[in-house]
Amino acid sequence: MAKEKYNHQEIEKRVQAAWSASELHTVDLADTEKDPYFLLFEFPYPSGDLHIGHWYAFALCDVYARLLRQQGKNVLFPIGFDSFGLPTENAAIKNNVDPREWTMKNIERMRGQVRSMGTTVDWSREVISSEPEYYRWTQWLFAKLFEQGLAERRLAPVKWCPKDQTVLAHEQVLDGKCERCGTEVEEKHLTQWFLKITKYAKRLLEDLDPLPWREDIKDAQRAWIGESRGAKLNFSISGREESIEVFTTRPDTLFGATYVVLAPEHPLVETLLDSVTNKDAVLTYRKQTAQKSERERSENKQKTGVVLGGVMAVNPATKEEVPVYIADYVLATYGTGAVMAVPAHDERDFEFAQKMQLPIRHVVMPERIDHRNPHQEGKELTRRSIVIAIVHDSRTDTYLTLNWKEQPWITFVTGGVEENEDVVEAAKREVVEETGYTDVAFSRILGGPTQSEFYAAHKGVNRYNHATTVLFELLNDTQEPLTEEENALHTLVWRTADEIRNDGLQHAEMDLILERLFKGETAMTEDGVLVNSGEFSGRGNREALEDIVAFAGGEMVTNYRIRDWLVSRQRYWGCPIPIVYDPEGVAHPVPPEHLPWLLPTDVTSGTRADGQSPLAGSDELRDRVTRIFGEGWTPEYDTLDVFVDSSWYFTRYLSPNSETAFSDPALMKKWLPVDRYSGGAEHTTVHLLYSRFFYKALHDLALVPTAEPYVERFNRGLILGTDGQKMSKRWGNVVNPDEMVEKFGADAVRMYLAFIGPYNEPGNYPWKLDGVQGTRKFLDRVYQLREKVGEAEVSAELARALVRATNKVTEDTERFKMNTAVAALMVLVRELEGLAVVPRTAFKQFLVILAPYAPHLSDHLWQEQGGAGSVHQAPWPEVVEEVVTEVTIGVQVNGKKRGEITVSPEAEEEAAVLAARAVPAVEAALGNQPPARVIYVPGRILNLVADNTAGGV
RNA sequence: GCCCAGGUGGUGAAAUUGGUAUACACGCAUCCUUGAGGUGGAUGUGGCUUCGGCUGUGGAGGUUCAAGUCCUCUCCUGGGCACCA
């Protein structure tokens with residue numbers, strides 16, 4: 001027989017009406033009795049439709065807000081709309097309506113949807129960023145930053161989206177394409193407004209450390225800011241006044257710098273042109289790079305470049321003259337726009353050097369320790385330059401190796417390098433001496449020298465070998481007879497590549513040899529011991545780094561990857577930049593008495609052929625400027641990036657209607673920083689970083705009380721379509737929350753979202769219709785319980801179950817692990833269902849902890865059970881320790897579970913063992929012998945260790 | 001390439017932080033209920049099994065009385081950054 005289901009539509013509508021009539025969720029910010037708690041979610045963009053992601057964010061925050069209120073906190077839980085922006089403008093053009101009308105219509109619709117969720121946001125504090133009473137303060141704050149020198153207008157290379165007809169911030173370009181529309185961006189030189197976030201790079205980085213955020217979120221910001229410690233070094237230019245300043249993180253490799261590269265846009269290129277001998281080639285290359293888009297430049301990672309003929313720079317360490325190149329792999333916007341190139345120890349320089357056939361000088365030796373023959377205490381320490389000679393026979397594709405007779409070794413041909421002897425000569429001499437093969441041809445040197453550390457048993461000394469590996473090709477089998485001594489030492493074995501890899505050759509640096517032999521040459525970026533580095537040779541490269549900088553007359557500096565924030569946009573639907581220009585073209589902020597600096601209404605959305613903002617066509621704006629400031633004054637036509645609007649919105653929630661301040665200082669002092677900020681992962685490096693910067697800048701102006709805006713940050717996971725794909729109209733897998741609410745009720749939908757998985761984890765959760773049905777089924781069971789409710793005593797067991805559930809729900813909700821909180825509620829319901837009569841007090845206690853999750857149904861049932869007021873005003877029960885009288889623990893024998901016993905948590909070991917041995921399976925596993933050892937953790941585990949010698953296995 | 005996060009049943013996921021692996025739910029199977037369904041309920045549900053057990057948290061080692069959890073190596077997936085010197 002079908003059980004009775006509750007009528008969610010009727011109940012939810014009625015309960016919601018009661019909530020809004022009683023203004024249950026309007027917060028009194030001035031209250032002094034309760035603890036304030038500021039719970040924030042990212043204010044939505046008024047696209048016109050609330051999607052399931054909004055539901056996920058709003059509903060779960062609402063669960064927490066309700067819990068906090070029941071716990072007696074004064075909770076600020078506001079909502080607003082991030083309503084400027086391009087999609088609205090485009091939609092307005094498409095539908096031929098005013099963007100403001102479009103926006104307000106969408107907001108109205110979304111308000112209704114948010115209400116249908118039963119969300120307890122405080123509507124009296126709603127902010128709309130496109131309304132003049134809001135953007136007036138965006139402008140006021142911008143002017144403040146301008147006065148501080150933090151907003152600056154300058155000519156700069158910028159990213160331009162030809163489709164959206166506007167410039168983009170660095171952050172809005174992904175893979176060379178416009179983040180919004182996917183069009184390939186162009187590069188333009190334009191005079192634009194920037195906010196100087198780079199000034200705050202260090203603080204944005206340092207202040208991240210103590211924040212209790214997830215490490216991956218912090219890491220993403222750290223990577224975005226991109227700090228790197230290095231040095232500025234000066235390379236003077238032979239015969240000229242100027243010098244080239246380079247930035248490098250590897251000044252330790254300075255002695256290996258064999259050329260210098262400037263970015264093609266580097267201003268010095270212009271200056272040097274008069275002494276350049278290949279002017280045409282240089283100019284052509286510069287032109288080519290200028291035409292290439294950023295994308296083309298980064299897509300084609302083949303190195304290109306041109307030498308500045310006749311220009312030589314001087315390596316400050318070696319005093320050697322080195323050539324100077326321009327190449328587009330060096331970025332004008334990072335560091336000094338110039339690098340010293342060390343092909344031996346930098347991959348990009350290596351590639352370029354290969355292409356240009358430039359010399360490679362190795363200055364750092366990687367170190368390897370032979371652990372089979374470690375240095376021995378008290379033995380003499382010797383250093384030796386050696387060669388490792390590898391002879392390859394192409395006819396059989398084998399390599400010549402030596403099997404040692406007196407030692408269990410296999411090696412290549414090796415030997416010392418004599419005074420004044422070339423390594424190749426030395427290697428060839430050793431091949432003849434040790435193997436007799438005379439006709440070998442030099443093939444190549446395998447990378448730079450390596451240092452190996454081992455005990456040379458045959459000589460009785462500790463060794464550091466500085467080895468250079470030389471590869472030869474065997475020409476023919478001509479072989480001289482070997483001396484007696486040589487014959488006594490080893491036998492010759494030709495080994496295949498696989499054998500070389502697997503036979504355990506003795507060389508400590510074997511990994512490097514194999515890599516260089518079979519995979520080819522690469523730059524050696526490991527740390528190690530300096531060579532060819534003058535007085536620094538022999539020291540560790542890291543340890544000597546700062547000394548080398550001092551020696552070369554450079555200085556240590558820190559560089560950041562982050563760029564200044566470009567905030568100018570050439571579109572209509574944004575906050576007008578509150579700047580006017582005097583007849584000389586000097587920028588002035590619009591004085592506060594003229595704010596809001598209204599968006600003109602005589603022009604509308606759209607683009608202009610000249611790429612200027614639509615505002616450039618406004619007579620009203622021009623007349624306004626003339627009227628207020630005088631003849632010859634002109635307006636700024638650009639509008640602000642919407643991320644400026646959203647950088648401070650949360651402060652406005654405190655005094656959304658204030659006409660005297662962007663936010664009330666006393667209230668800010670009380671309510672900021674935000675206690676918990678929930679949002680999407682996509683905002684980690686953009687909105688979150690921008691708003692931290694903005695807030696810090698305001699803090700420096702003493703406009704906000706703290707240095708950081710958000711105490712906690714929670715990034716929610718993503719809700720996928722039923723097919724496991726990202727929800728998108730393209731896949732036709734978009735879940736319409738309104739339909740779900742109509743069919744299953746708001747309580748079932750929010751409960752399902754809570755149950756789907758942990759909220760603050762980077763997970764993706766497919767939306768399952770069956771899952772919503774599951775939570776609905778649970779709520780129907782809750783509803784059916786009312787038939788069993790009666791007057792009865794609460795048993796000790798039931799009391800314990802209530803405590804257990806309460807503790808779990810409390811703790812897990814606080815941590816946003818709503819999935820396990822819901823599971824605890826389900827377990828409790830199962831226990832209640834098992835009772836013949838559900839005591840009314842127990843049922844009401846259950847409703848109190850169910851309330852945040854199923855606010856409508858629980859409130860309905862609460863009132864039905866004669867509860868006072870709303871269940872959402874019922875105090876949340878304290879977390880108390882559960883009284884446990886007996887506990888079932890596992891019994892292991894030798895670590896394997898063999899049974900379980902139920903004992904008091906304080907049971908003595910003796911009693912526990914006695915109980916355990918009464919279990920047949922346990923006693924059998926023990927072989928009827930008393931355990932040799934007992935590990936007993938009361939209330940947790942009993943592990944009996946059988947005597948292996950007696951028990952026998 | 002570098003930096004994170006994560007691999008547990010058919011699925012979403014739990015696991016008191018070293019102590020009974022798979023809570024809770026979905027799905028599935030069998031049975032009951034209803035005239036039938038996208039109804040309601042009961043039971044079962046990691047794998048293998050000679051029904052005694054054995055085995056099992058991506059893989060291989062290790063530490064420990066005891067490992068999903070700690071250590072070493074390795075494979076795979078997702079995310080971020082990427083010619084940043």
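Convention: sequence-line order gives letters A, B, ...; per-chain numbering from 1.
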**Prompt:** Quick one: do the A:Asn819 and A:Tyr765 side chains pair a donor with an acceptor below 3.5 Å?
**Reply:** no
**Asked** Is it true that the side chains of A:Thr684 and A:Asn715 contain a donor and an acceptor less than 3.5 Å apart?
**Response**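 The answer is yes; a qualifying pair exists.
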Given [options], identify the nucleotide with an atom nearest to the side chain of [X].
{"X": "A:Gln773", "options": "B:G38, B:A14, B:G12", "result": "B:G38"}
{"X": "A:Ile935", "options": "B:A82, B:A5, B:C65", "result": "B:C65"}
{"X": "A:Asp219", "options": "B:A66, B:C4, B:A85", "result": "B:C4"}
{"X": "A:Lys777", "options": "B:G19, B:C81, B:G40", "result": "B:G40"}
{"X": "A:Asn943", "options": "B:G80, B:A25, B:G19", "result": "B:G19"}
{"X": "A:Asp770", "options": "B:C26, B:G38, B:C65", "result": "B:C26"}
{"X": "A:Thr888", "options": "B:A23, B:U20, B:C81", "result": "B:U20"}
{"X": "A:Arg940", "options": "B:U17, B:C83, B:A82", "result": "B:U17"}
{"X": "A:Lys896", "options": "B:C24, B:U55, B:A5", "result": "B:U55"}
{"X": "A:Asp328", "options": "B:A85, B:C83, B:C81", "result": "B:C83"}

Give a yes/no on whether any side-chain N or O of [X] is located under 4.0 angstrom from OP1 or OP2 of [N].
{"X": "A:Arg250", "N": "B:A85", "result": "no"}
{"X": "A:Arg830", "N": "B:A23", "result": "no"}
{"X": "A:Asn559", "N": "B:A85", "result": "no"}
{"X": "A:Tyr334", "N": "B:A85", "result": "yes"}

Which is true for [X] with a 4.0 Å heavy-atom rule: it touches a base, it touches only sugar-phosphate, or it touches nothing?
{"X": "A:Phe247", "answer": "base"}
{"X": "A:Arg222", "answer": "nothing"}
{"X": "A:Glu347", "answer": "nothing"}
{"X": "A:Val937", "answer": "base"}
{"X": "A:Lys768", "answer": "sugar-phosphate"}
{"X": "A:Thr775", "answer": "nothing"}
{"X": "A:Arg804", "answer": "nothing"}
{"X": "A:Leu942", "answer": "nothing"}
{"X": "A:Ile756", "answer": "sugar-phosphate"}

**Request:** Count the heavy atoms belonging to other residues, nucleotides or ligands that lie under 6.0 Å from CD of A:Glu908, then report whether that count exceeds 12.
**Result:**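 Not more than 12 within 6.0 Å, no.
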N-glycosidic conformation, [N] - syn within 90 degrees of 0, else anti:
{"N": "B:G10", "result": "anti"}
{"N": "B:G52", "result": "syn"}
{"N": "B:U17", "result": "syn"}

Using the [atom1] atoms only, state how far [M] lies from [N], rounded to an integer number of Å.
{"N": "B:A66", "M": "B:G12", "atom1": "P", "answer": "33 Å"}
{"N": "B:G53", "M": "B:A5", "atom1": "C1'", "answer": "39 Å"}
{"N": "B:G10", "M": "B:G46", "atom1": "C1'", "answer": "10 Å"}
{"N": "B:G58", "M": "B:A25", "atom1": "C1'", "answer": "25 Å"}
{"N": "B:U49", "M": "B:A60", "atom1": "C1'", "answer": "27 Å"}
{"N": "B:G59", "M": "B:C65", "atom1": "P", "answer": "25 Å"}
{"N": "B:C73", "M": "B:A82", "atom1": "P", "answer": "28 Å"}
{"N": "B:U8", "M": "B:A13", "atom1": "C1'", "answer": "9 Å"}

**Prompt:** Pick the nucleotide of RNA chain B nearest each of A:Thr248 and A:Asp216; which residue has the one closer to the 5' end?
**Reply:** A:Asp216
**Message:** Assuming nearest nucleotide by heavy-atom distance, tell me which of A:Ala921 and A:Thr820 is located more 5' along RNA chain B.
**Reply:**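 Final value for this comparison: A:Thr820.
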**Request:** If the plane angle is over 60° it's perpendicular, under 30° parallel, otherwise tilted; pick one for A:Tyr325 and A:Phe352.
**Result:**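 Judged by the thresholds at 30° and 60°, the geometry between A:Tyr325 and A:Phe352 is perpendicular.
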Can you tell me the base-pairing partner of [N]? Count Watson-Crick or G-U wobble geometry only, both distances below 3.5 Å, and say none if there is no partner.
{"N": "B:G1", "answer": "B:C81"}
{"N": "B:C26", "answer": "B:G10"}
{"N": "B:G68", "answer": "none"}
{"N": "B:U16", "answer": "none"}

**Message:** Within 45 degrees of the ring normal and closer than 6.0 Å to the centroid, is that where the cationic atom of A:Arg776 sits relative to A:Tyr6?
**Reply:**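 Flagged: A:Arg776 positioned over aromatic ring of A:Tyr6.
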Euclidean distance, [Y] [atom2] relative to [X] [atom1], rounded to 0.5 Å:
{"X": "A:Ile756", "Y": "A:Asn764", "atom1": "CD1", "atom2": "CG", "answer": "10.5 Å"}
{"X": "A:Asn7", "Y": "A:Leu857", "atom1": "CG", "atom2": "CG", "answer": "11.5 Å"}
{"X": "A:Ile197", "Y": "A:Arg563", "atom1": "CD1", "atom2": "CZ", "answer": "12.5 Å"}

